[in-house]
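What's counted below: heavy atoms across the whole structure, side chains too, no hydrogens, waters or symmetry copies. Only a predicted model underlies this, so the values are computations on that prediction, with no experimental measurement involved.
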Amino acid sequence: MSDRYSRQTLFPRIGREGQDKIKSKHVLIVGAGALGSGNAEVLARAGIGRLTIIDRDYVEESNLQRQQLYTEEDVAEKLPKAAAAKMRLEKINSEVEIEALIGDATPEVMAGLIGDVDLMIDSTDNFETRMAINDISQKYRIPWIYGACVASFGMSFTIVPGVTPCLNCLLKAVPLQGLTCDTGGIIGPAVQMVIAHQTAEALKILVEDFDAVRPSLVSFDLWRNDYTSMKMSRAKDPGCLSCGQNPEYPYLNEANRMKTAVLCGRDTVQIRPPHASTVDLQEMSGNLSALGYEVKGNPYLLSAEMSENRFVIFRDGRALIHGTKDVAQAKSLYQRLFG
Amino acid sequence: MSDRYSRQTLFPRIGREGQDKIKSKHVLIVGAGALGSGNAEVLARAGIGRLTIIDRDYVEESNLQRQQLYTEEDVAEKLPKAAAAKMRLEKINSEVEIEALIGDATPEVMAGLIGDVDLMIDSTDNFETRMAINDISQKYRIPWIYGACVASFGMSFTIVPGVTPCLNCLLKAVPLQGLTCDTGGIIGPAVQMVIAHQTAEALKILVEDFDAVRPSLVSFDLWRNDYTSMKMSRAKDPGCLSCGQNPEYPYLNEANRMKTAVLCGRDTVQIRPPHASTVDLQEMSGNLSALGYEVKGNPYLLSAEMSENRFVIFRDGRALIHGTKDVAQAKSLYQRLFG
Amino acid sequence: MNKILFFAHLRDEAGEESVMLEASGKTVAELKAFVAENYGIHKLDTAMAAINEEFAPNEEMIKEGDVIAFIPPVSGG
Amino acid sequence: MNKILFFAHLRDEAGEESVMLEASGKTVAELKAFVAENYGIHKLDTAMAAINEEFAPNEEMIKEGDVIAFIPPVSGG
C-alpha cells in the first residue's frame with residue numbers, strides 16, 4: 001500500500017481492509033454540477049476504484065461560483081461537464097477508472113449502466129431523475145444517497161433497499177416547483193455541507209459498515225445556524241409502489257415522465273410535465289427577472305429571453321424552449337427552473 | 001455585474017450589495033493544507049477581492065487524499081503548497097488577487113501581513129499558531145474562525161473581538177498532544193464539513209451580517225452521526241490575558257513559544273516546547289508505527305525513521321529532527337505529530 | 001398548545017421561525033391545510049412533516065404538546 | 001444522577017458514548033479528575049466541558065440532572 005492513503009487507513013473504521021474495499025468498488029454519480037463535482041472529487045481522492053459520471057450540460061460561467069472541478073478555461077471551451085470533470089479527476093488520482101457520459105440520465109440509460117455499480121450518489125437538480133434513481137435502487141437492490149441544496153439550506157438521506165424507507169415513501173409524488181439554485185440562489189458552503197454528508201455515507205457503504213449508516217434525514221441551514229435530524233423509521237410505507245410489497249417502479253414507466261417533442265421546422269422543443277399542474281406565473285416571472293431574463297407575460301403564459309435562451313411557459317406547466325433541437329439541453333433548462 | 005455570481009446574488013442575504021462587499025474584502029488564510037485549500041477555493045469561487053495564503057510545507061503524496069487544490073503533478077514537482085494553491089486558484093478565478101507566502105506563520109510574520117485584512121481563517125494544524133492568531137485577532141480587532149478536524153470528527157468556532165469569548169478563554173493554555181491527522185487519521189468528508197462551517201461564517205462576516213454569526217461552538221462526528229452546538233456566552237473570561245480587561249497577548253511573547261535551534265555541523269534541528277510536559281512515548285510509538293515509521297525506543301526516548309525523515313523524541317517533549325537545517329520544515333513535522 | 005417550526009423558504013413565507021397553535025386532534029394533512037391558509041404559505045402540501053423529530057405521514061394525529069416541523073424537499077444540486 | 005457524554009477520541013478511550021454518574025455537588029474540574037481516573041481517560045484535563053449544551057468553566061458546580069459533555073479540542077487541519 002502506498003503512502004497516498006495513509007491518513008485514511010489510520011482512521012480505524014476504514015483501516016487497510018476498508019481501503020482495499022474502497023479500491024474494489026464502483027460508484028455511479030448522477031449529475032456533475034455542484035454536488036456531482038464535489039462528490040466525485042472526494043471519492044477520487046479517497047481512492048475509489050471506479051467512477052461513472054453522467055451529465056447533460058456543459059460548463060457555464062455561472063457554475064464557477066460553486067462547482068469545484070471547473071475552471072475559467074472549461075467555460076471558454078464550453079466543455080461538457082462530464083468530460084471536464086474526468087480530465088481534472090485524472091490529474092488528481094490517475095489510479096481511478098473514470099467513465100464520463102455526456103447525456104441525459106434517463107431511466108433506460110441508468111439501468112444500462114447499473115451492472116456492477118455498488119452505490120449511486122444523487123447529484124442531480126430535479127425530482128424526476130431522483131425518483132427514477134429511487135426505483136432503479138429498489139429494483140436492482142443498490143443503495144443511493146439523496147442530496148440537495150438551495151440558498152443556505154440543504155438536506156441528505158441515505159436509502160438502503162430492504163432497510164430504510166425510500167424517497168417515494170417520503171414524497172409520494174414528484175413535488176412540483178421545489179426551489180432550485182436558479183430560483184432561490186445557492187452559496188458554496190451549503191454545497192460543501194451536503195457533499196460532506198453524502199461522501200461520509202458513501203464511505204460507510206463502500207467499507208460495508210452498514211451499522212454506521214445515518215438512519216435519519218438531515219437538513220440544515222448554515223446561515224440560520226440550524227441543523228435537524230428527522231428519524232425515519234416510521235416513514236416506511238408498506239404500500240409504497242417503489243419499495244412496498246408489490247412494487248411497480250412507477251418512475252421507470254413512460255407515463256410518469258416529462259414528455260418532450262422537437263417541433264419540426266421551428267427549432268423548438270416542447271416540454272410537457274407528466275401531470276398537469278398550475279404554475280404560479282407571477283412568482284416565476286419575478287424569479288426569471290432576478291436571473292437577468294427579460295420577461296413578458298399575460299394571465300395564460302409568460303415568455304422569457306436572455307442571450308441565446310428563449311422560452312414560453314404556460315400555466316399548466318407546458319413549455320416551449322426556442323432556438324434548440326436538443327432535447328437534453330431543453331430539459332436541463334426546464335428542470336433548473338422547476339426542480 | 002457579470003453572470004458569474006448570479007446564483008450567489010440571488011441569495012437574499014448576500015444580494016448585489018453583499019457581492020460588492022465580498023469583492024472589496026481581504027482574507028488571510030493561515031495554512032494551505034486540507035482546510036486551507038478548501039477554504040481558499042470556496043472564497044475564490046465566491047469572488048473574494050484578495051486572499052493571502054501562508055504555508056511552510058510542500059505538497060506530499062499523502063496530502064492528495066483530502067487537500068483539494070493539489071494534483072499528482074504538484075507532488076512530482078514538490079511544489080510549495082502556497083505556490084501550488086495560487087496557480088490553481090488563478091485558473092478558477094482570475095479576478096481574485098492572491099498573495100502566496102512560503103514560510104512559517106510566526107506571530108511577527110502574521111502581524112506584518114495584517115494591515116488591511118478583514119478576516120483570518122484558521123487552517124493550521126497546531127495550537128501554538130492558533131493561539132498566536134487569537135492574540136493578533138484581539139490586538140488588531142480582526143475576527144477569525146477556528147476550525148479543526150481529525151478522524152471523522154471536527155469543530156468550528158467564530159471569534160469576533162469585543163463580542164464573543166476568545167480561544168484563550170476556552171483553552172487557557174495550549175493543549176499538548178491533541179489528536180492530529182498524522183496520529184488519528186482523517187477522512188475527506190470531515191474536512192469538507194469544517195470548510196462548510198468556516199466559509200459560511202466567513203461569508204456572513206464579509207457581507208457584514210454580524211447578527212447571523214454562529215454564537216456557539218459546533219462539533220460533529222460524521223461517522224457516528226453526532227452534531228452538537230455548545231453555547232458560548234458564559235465562556236468569556238474577564239481576566240483572560242488575550243481578551244480581558246488587561247490584555248497581555250501572551251502568545252505574541254517569545255517565552256510562550258516553541259524553541260528551535262539548528263545544531264551546528266549535525267544537520268539537525270532541536271525543538272523544545274515552551275513548557276515541559278510528559279509525552280506518552282508508548283502511545284506515540286504506536287502512532288508512528290501506524291504511519292509507517294520504523295520505531296525504536298527505551299523508557300527515556302524514542303527514535304523513528306521513514307525515508308528521509310529521522311527524529312528522536314524525549315519524554316519531556318524535546319525533539320531532534322535529523323537530516324535538515326530548515327527550522328520551518330522541522331517545526332512542521334513536529335507539529336503534525338503533536339498538534 | 002403545539003409549536004410549529006418552519007424550515008428553509010417556508011420560514012421566509014411564514015415570516016417567522018415558529019408559531020404556537022392549538023393543533024391537537026388534527027391530522028398532519030389538516031394542519032398543513034390550516035397553516036397554508038392562515039399563514040399564506042404556498043406548496044405546504046408537498047413539505048415533509050416531523051412530529052417530535054420523527055417523520056409523520058399525512059394521516060398521523062397530532063397530540064397536545066407535540067412539536068411539528070415542516071421541511072420542504074429541495075431540488076437544487 | 002447525571003449523564004456524562006464523551007466526544008471524539010474520548011469515546012474510544014471510555015469505550016462508551018455516555019455513562020450515568022452521581023456528579024451533583026462536584027465542580028467540573030473534580031468531575032474531570034474522577035472520570036479520568038475511573039474510566040481510564042487520558043488528557044481529560046484539556047477537554048472542554050459543557051453543562052446542558054452550554055460551555056462550563058472548571059469551577060462550575062454541577063447540579064442534579066445536569067447533562068455534562070466532554071469535548072476535546074482537536075488540532076488537525
Side-chain angles (χ1 to χ4, degrees), chain A residues 2-14 38 41-42 45-47 60-62 64-66 68 70-73 91-94 151-152 181-193 195-197 199-200 203-204 209 212 214-216 222-225 227 229 290-292, chain B residues 2-14 38 41-42 45-47 60-62 64-68 70-73 91-94 151-152 181-190 192-193 195-197 199-200 203-204 209 212 214-216 222-225 227 229 290-292:
Chain A
S2 80
D3 191 51
R4 177 163 196 150
Y5 306 111
S6 60
R7 302 318 186 258
Q8 193 162 283
T9 54
L10 260 178
F11 175 60
R13 308 294 283 264
I14 295 183
E41 177 158 357
V42 173
R45 290 192 182 275
E60 293 177 271
E61 196 190 10
S62 66
L64 293 178
Q65 167 251 349
R66 67 197 179 284
Q68 73 186 59
Y70 311 125
T71 62
E72 292 177 350
E73 205 181 314
K91 289 185 182 158
I92 288 169
N93 193 345
S94 57
S152 54
C181 302
D182 278 37
T183 54
I186 176 75
I187 58 170
V191 173
Q192 298 296 314
M193 185 87 166
I195 291 166
H197 284 84
T199 53
L203 289 177
K204 293 172 190 178
D209 188 0
R214 187 182 293 270
S216 53
L222 278 170
W223 210 275
R224 285 159 167 152
N225 308 320
Y227 189 92
S229 287
L291 273 174
Chain B
S2 81
D3 191 50
R4 175 162 196 151
Y5 305 110
S6 60
R7 302 315 186 262
Q8 192 162 284
T9 55
L10 259 178
F11 175 59
R13 308 294 284 265
I14 294 183
E41 177 158 357
V42 173
R45 291 193 183 276
E60 292 176 270
E61 196 190 9
S62 66
L64 293 178
Q65 165 252 349
R66 66 196 180 284
Q67 302 191 8
Q68 75 186 57
Y70 311 126
T71 63
E72 292 178 350
E73 204 180 316
K91 288 185 182 156
I92 288 169
N93 193 343
S94 58
S152 53
C181 301
D182 277 35
T183 55
I186 177 75
I187 58 170
Q192 299 295 315
M193 184 88 167
I195 291 167
H197 285 84
T199 52
L203 289 177
K204 294 171 190 178
D209 187 0
R214 187 182 294 270
S216 53
L222 278 170
W223 210 274
R224 285 159 167 151
N225 308 320
Y227 189 92
S229 286
L291 273 174

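- Separation of atoms CG (B:L291) and CG (A:D3) is listed at 8.5 Å; rounding is to 0.5 Å.
- The CD atom of A:Q65 sits 9.0 Å away from the OH atom of B:Y5 when rounded to the nearest 0.5 Å.
- Heavy-atom distances place both the backbone and the side chain of B:Q8 under 4.5 Å from chain A.
- Side-chain atoms of A:R45 come within 3.5 Å of backbone N or O of B:Q67 as a donor-acceptor pair.
- Interface summary for chain B: among A:G47, A:S152, A:A290, the most heavy-atom pairs under 4.5 angstrom belong to A:S152.
- For A:N93, the parts sitting under 4.5 Å from any heavy atom of chain B are the backbone and the side chain alike.
- Not counting sequence neighbours, the partners of A:E60 by the salt bridge (charged side-chain N to carboxylate O under 4.0 Å, His left out) test are A:R336.
- With a 4.5 Å cut-off on non-hydrogen atoms, A:I14 touches chain B through its side chain but not through its backbone.
- Between atom CZ of residue A:R214 and atom CG of residue B:L222 there is a gap of 6.5 Å, rounded to the nearest 0.5 Å.
- Put simply, of A:A212, A:G188, A:S216, the one with the most heavy-atom pairs under 4.5 Å next to chain B is A:A212.
- Ring geometry for A:Y227 against B:Y227 counts as parallel: the plane angle stays under 30°, on a 0 to 90° scale with 60° as the upper cut.
- Closest approach of A:G185 and B:L10 over heavy atoms only: CA-CB, 3.6 Å.
- Residues meeting the salt bridge (charged side-chain N to carboxylate O under 4.0 Å, His left out) test with B:R66, sequence neighbours left out: none.
- Between A:P189 and B:A200 the shortest heavy-atom distance is CG-N, 3.5 Å.
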Derivation and outcome, side chain to side chain contact (heavy atoms under 4.5 Å, CB included), residues B:I92 and A:Q68: CA-CA 9 Å; B:I92 288 169; A:Q68 73 186 59; over 6 Å; no

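- For the set B:A151, B:S229, B:A190, the entry with the most heavy-atom pairs within less than 4.5 Å of chain A is B:A151.
- We find the CG-NZ distance between B:L64 and A:K91 to be 14.0 Å, quoted to the nearest 0.5 Å.
- Side-chain atoms of B:P215 and A:N225, non-hydrogen and from C-beta on, do get closer than 4.5 Å to each other.
- Interatomic distance, B:Q192 CD to A:E41 CD, rounded to the nearest 0.5 Å: 7.5 Å.
- The greatest number of non-hydrogen atom pairs below 4.5 Å with chain A, out of B:I195, B:I186, B:D209, is found for B:I186.
- The closest side-chain donor-acceptor pair between B:S94 and A:E72 falls under 3.5 angstrom.
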